[in-house]
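Below is one structure, written out as structure tokens; the observations come after it.
To find a chain, count down the sequence lines: A is the first, B the second, and so on, and within it residues start at 1.
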Amino acid sequence: MTEFLLGAALFVLGTVALGLIRILRGPDDADRMLAAQLLGTGGVAVLLLLGVASGLGAVGDLALMLALLAAFASVAFVTGVARPDPPKPVRDPNALPRGDRS
Amino acid sequence: MSMSMSLGLVADSFLALLILGLAVWTIAVRGTYAAVVGFVAYGLLVALVWVRLAAVDVALTEAALGSGLMGLLLLRAAACLPRDAAVPASGRVGRVALRVVVGVLCAGLTAVLAAVVLQLPEPAPSLAAAAAQVLPTTGLGNPVTGVLIAYRAIDTLLEAVVLVLALIGLWSLAADGAWGGRPGALRTREPGAALVLLAQLLPPVGILVGIHLFWTGANHPGGAFQGGAVLAAMWAIVLVAGLAAAPRVDGRRLRLVLVVGPALFFAIGLAGIWWADAFLGYPADWAKPLILVIEAALTLSIAAALGLLLAGPPAAEPGPGPVVGAAGQLSWKEQSSTDEHR
Amino acid sequence: MQTAVILSDLAAAAVAHGGDLLVLALALPALALLPAFALGGRWAGRIALLTLPLGLGVAVAIAAAVRHGGAPIAYHLGGWAPPLGVALRADGLSATLLLTTAVVLCAVGLFARADFKVPAGSRETRSPLVFWTLLLGVWTGLNGVFLGQDLFSLYVALELVSFSAVPLVCLSGRPETLAAALRYLLFALFGAVLFVLAAALFYGTYGTLDIGLLARHLAGADPVPPAVLAAAVLMTLGLLAKTALFPLQVWLPPAHAGAPAAGSAVLSALVVKASFFVILRLWFDCLPAAVTQPAAPVLAGLGVAAILFGGVQALRQVRLKMLVAYSTVAQIGYLFLVFPLALGAAALPAGGAAQAAGALTGGMLQLVSHALAKAAMFMAAGLIAAALGHDRIRELGGSARALPLTVFAFALAGLSLAGLQPSGGYVAKSLLTAAAEATGQWWWALALQAGGVLTGAYLLWVLFNALAGFRAPPTLLKRPRRYQELAVLALALGALVLGLVPASSFELVTVGRAGLVGFP
Amino acid sequence: MTASALVRGTAFFGCWLLLTHFGTGADLAADLLVGLASAAAATWVSLRLLPSAPGRVRYGALGRLLWRFLWQSIVAGIDVARRAFAPRLSLQPGYLVFPVRIPPGPGRALFGAFTSLVPGTLPVGSGPTAGGRAALVYHCLDLRQPVAAGLARDQALMIEAYGEDETDD
Amino acid sequence: MSLALSLFTIVCVSLGAVFFLAGTLGLLRFPDTLTRLHALTKADNLGLGLVVLGLLPQVDWPLGALKLIAVWLLALLAGATVGQVLGSAVRPPPVSGAGESTP
């Protein structure tokens, strides 16, 4: 079973690594972000497989942490992209999003 | 056994090649964003390498800091730069020459290091056995924590001070007029509904995981830095989603949180002069509880410092209260009165 | 008579509590930093100013303990002995530098009171908080470097220094100082990476990071493992980047010239010395003579290049602060002449301990007198710039009349820098020259002389301009505070007086050197 | 408020036991104490970020919703896999404006998250329909499929599970 | 029994790996960013879910298993968020009128 799980981990790793071609090719930065995202999810799977195969319980914690932070990079990516004039702090109160606070 | 060994070898070689290729690409690529994305992916792969080396403590740190928080920091920095700034044609030949020179030097350095590392004594001399042998006197089960909080406590203590200094350095970049205000780098104008939902659901879970990482660090991989990094990441998500505003940098309570870790570390360390005959020594029966108290305070300070490092220097105020997105308002009526406490 | 008894009692007490003193030297500034930051506002300055004399007292006590005890003081942190634990250790070199640091910081602190005061009406402003906390941060780091006996702890201490020093450069917030600070940061990080790589190689070879244990391993190593050679080269390269030895000096002039006067004083007088000190430790206390021998002329050669390049560049500067900064580039070069001179002495047929001690003492004296003089010069230059509203050398006319005390202090400091009699710089250069002659390496003495001439030339150029237009003093934008001028004068006089104290006082430097490189 | 605090606190404490592999720690009492403290912290933050909404959850409908979600996400995975493995891509991507009846807030966000994992749809923004009604804009993998009908069904189930009054804030 | 469980693990994990492959292929083959986004979020979540399902018999009950499920749920939430967040950032959708509008 151990060999199978290791093999599966290797296969998943190889698969998501194949996705890294998207990082090379782009064409958009968002496409590259997708490849990194795939690596994140795949990485969680690889860690779970490795953790069970090797009996290292702490690897499960690592997988949990990666899953917890899986959306982190994309969120950062989007907030960076979404703001065209980032260095200037928003001064005008009218520039606030108009959330109708009830 | 031999099959899993050879499989491990295949996995290791594959990982090594993948990392090298990605590293080269990340350095060579022209777009800033592309390079940062490459860096994030690189961090994930490096975390896997640490797992293969059975250094889960380091893997946790790499995943949280190297890939998670650093990714956010670099992406924000990239957002502040003009996109794919054009290199003036006149300077290009010089730049290319410089790149070639730097590349050759780095390659040379790598070759020398590789040659030298291959000649290192085998088996490698190590303090691991010694560290494990005396570990019971500290009451801990994780030798890495023993190194960090007992044997080499001074390094950890000074690193905690470095973190405070780094934050002061970042804050020093603020405009004089903005001093005392709230950090502004994580303000988003219109966080979408999905982002707000994430920021509502994830942080409580993250708090549990962060505290767990610190708490389990005494006996298993984990510790104050990893736990603090997770907590900081959760805070950052809340800030990005506009569910709370960053605290004012001149707040006394905030400052207290920032220094409580190193201060408590120092205090217990100095008390060691009396009760253990050495600065940073622990009395035999009290070692573990004292270490856990230090780690708890450090986790808090590290989380606050990392979060504030992500949040940037104080900036001019956009207006009273937090920036609330179109989707968050229903659940967020009482926010403006609560964000003072965050 | 009575006082002598009391003093010797005190020294004996210091020897008895030597280890605790080391802890105190490290903990005091750090412990002051935390409340200074937490309370903020006016408290930052108050706490820093209160800590400075206390720290000076600790440094004096350590120097007394080392000198009186005649042996280095060591301390095992947490009761864990190396290699598992980390040791602090103060020998003569450490004590000298701890004392110098405390003296310079006290003067800088006094000087900075005027510039970094929280204005009435506000609770806290940016630059005072940043300055006072970073000053304490620099101090923590410097003391950690001078006391550190473990390569990784040294790395952490150097990081403390860098992280505190870089923001000092851009405290004014002007764009050009931001660029200078960023460049400084990149060099410092480059240095840190190489340092930690090298530390890993040391650990991989011998399984310890403790300098004393490494030296013991290496003393018996024949041949020295290639990993150690690579580590030595990498570590030195990294440290040279932080020290700004030619040709890695490019970051220094704009960084040191762009910082506020008190910051420049700390950066130029002390911060670059920290990484130099680690180089000294590495080559003299850790590596065997067989390795140091071939490297010494290379280091000294770069030093000579720095002397000449820095001197010529200083002559070409238009602005006073840039001139003083380039002068630092040149003066750093002198420090590296210690390597071949002290080593050459060891190779002398008759043992040559006296010559080696002379060379090392000369080098350390150069370091100390440069620290005092350069801090005085930067602060004087800052006062002049603030008073005139500019620091263009050609337009300094009349400043000697308008600011007599400041210009006088500048000139006194210059005396020591140029190595004129009777100053610390003079004694330093004569000791180095004597060592050069005794070991038959006259070419290094030639470099010393050439550097002296260049230094004299650019300082005369400044003074000539300051003294010109004596009859028509310029209108001053701002009159310097008297205590600021006195702080500058005190440092300049200190550099001068070093040349008058009896030679036996310098024996402190050589405490704990027996058996190390250069001391057969 | 207290009721939902209790519910959430218990849930978080359960998560803590999960994390620490309940009972395997060296010092059980300390484990539990820290667990209680962190569950309290998590609950406090959770109530801050997402105050409990009034209204009753209909568990039967919720169960059906979850079941549908699980099933739909499997179908979604298979659907994408089928297209990815097919020798010739068969896609007809396009946008769809779907008038949404769930008012803005966590409920609508949950609906968005839910529908982003069902076959062929991905909410990419919000905006009024031509008639001025609130709507979510979906990107669809294949417009030939009955996407809108599926979405409508999801929405109906969700409203049934959470009740209309949940949204009257 | 143990054989059956092992078989279950092998089948589920293999299927999961196939879905990871599908996600990668979709990422590489689909024509534009938004369609790739579909491929990524949907196939990956199913892949991870199957891997988790397959590993369930191999870990201790109930805590180890619940932890695995927790990992999957977190990944699910992340996937749902990333899909929407990236989707709205990549191409601001037409506000109204574009595409098909349902009554």
Notebook entry, point to check: Under a 4.5 Å heavy-atom cut-off, does chain E meet the side chain of A/V52, its backbone, both or neither?
Noted result: side chain

Checklist line | Interface residue of largest heavy-atom contact number with chain E, from A/L49, A/V16, A/T15, under 4.5 Å | finding: A/T15

Checklist line | Any side-chain heavy-atom pair of A/D61 and E/K67 under 4.5 Å | finding: yes

Note to self: If you compare all heavy atoms of E/A75 against all heavy atoms of A/A67, which two are closest, and at what distance to 0.1 Å?
What the structure shows: N-CB, 4.3 Å

Margin query: Give me the atom names and distance for the closest heavy-atom approach of E/V13 to A/A8.
Written below: CG1-CB, 3.5 Å

Item checked: Nearest heavy-atom neighbours spanning A/A63 and E/V71 -> O-CG1, 4.4 Å

Notebook entry, point to check: Does the side chain of E/S14 reach to within under 4.5 Å of the side chain of A/F4, using non-hydrogen atoms?
Noted result: yes

Check: Given a strict heavy-atom distance threshold of 4.5 Å, which part of E/F19 is in contact with chain A: side chain, backbone, both, or neither?
Finding: neither

Checklist line | Polar side-chain atom of E/R36 near backbone of A/L34 as donor-acceptor pair, under 3.5 Å | finding: no

Checklist line | Residue among A/I21, A/L64, A/L69 with most heavy-atom pairs under 4.5 Å to chain E | finding: A/L64

Check: Relative to chain A, which of E/V85, E/I10, E/L74 shows the most heavy atom pairs under 4.5 Å?
Finding: E/I10

Check: In Å, rounded to the nearest 0.5 Å, how long is the span from CG of E/L86 to CD of A/Q37?
Finding: 7.0 Å

Next item on the list: Examine whether an atom of E/L68 lies under 4.5 Å from a heavy atom of chain A, and if so say whether it belongs to the side chain, the backbone or both; otherwise answer neither.
Entry: side chain

Notebook entry, point to check: What residue in A/L20, A/L48, A/V44 has the most heavy-atom pairs under 4.5 Å with chain E?
Noted result: A/L48

Notebook entry, point to check: Which pair of non-hydrogen atoms, one from E/T33 and one from A/A30, has the smallest distance, and what is that distance?
Noted result: CG2-CB, 4.0 Å

Item checked: Heavy-atom contact with chain A under 4.5 Å, split by part of E/T9 -> both

Checklist line | Which portion of A/A73 sits near chain E, non-hydrogen atoms under 4.5 angstrom | finding: neither

Item checked: Option in E/L48, E/L73, E/V51, E/V59 with maximal non-hydrogen atom pairs under 4.5 Å from chain A -> E/L48

Checklist line | A/R25 to E/L28 - nearest heavy-atom pair and separation | finding: NH2-O, 4.3 Å

Next item on the list: Name the option with the most non-hydrogen atom pairs under 4.5 Å to chain E; the candidates are A/D31, A/L18, A/V12.
Entry: A/D31

Next item on the list: Work out which heavy atom in E/A17 is nearest to a heavy atom in A/F11; give both atom names and the distance.
Entry: CB-CD2, 3.4 Å

Next item on the list: Any chance you could lay out the side-chain contact (heavy atoms from CB on, under 4.5 Å) test for A/L5 and E/L55, step after step, and finish with the verdict?
Entry: CA-CA 9 Å; A/L5 292 178; E/L55 287 177; 3.8 Å; yes

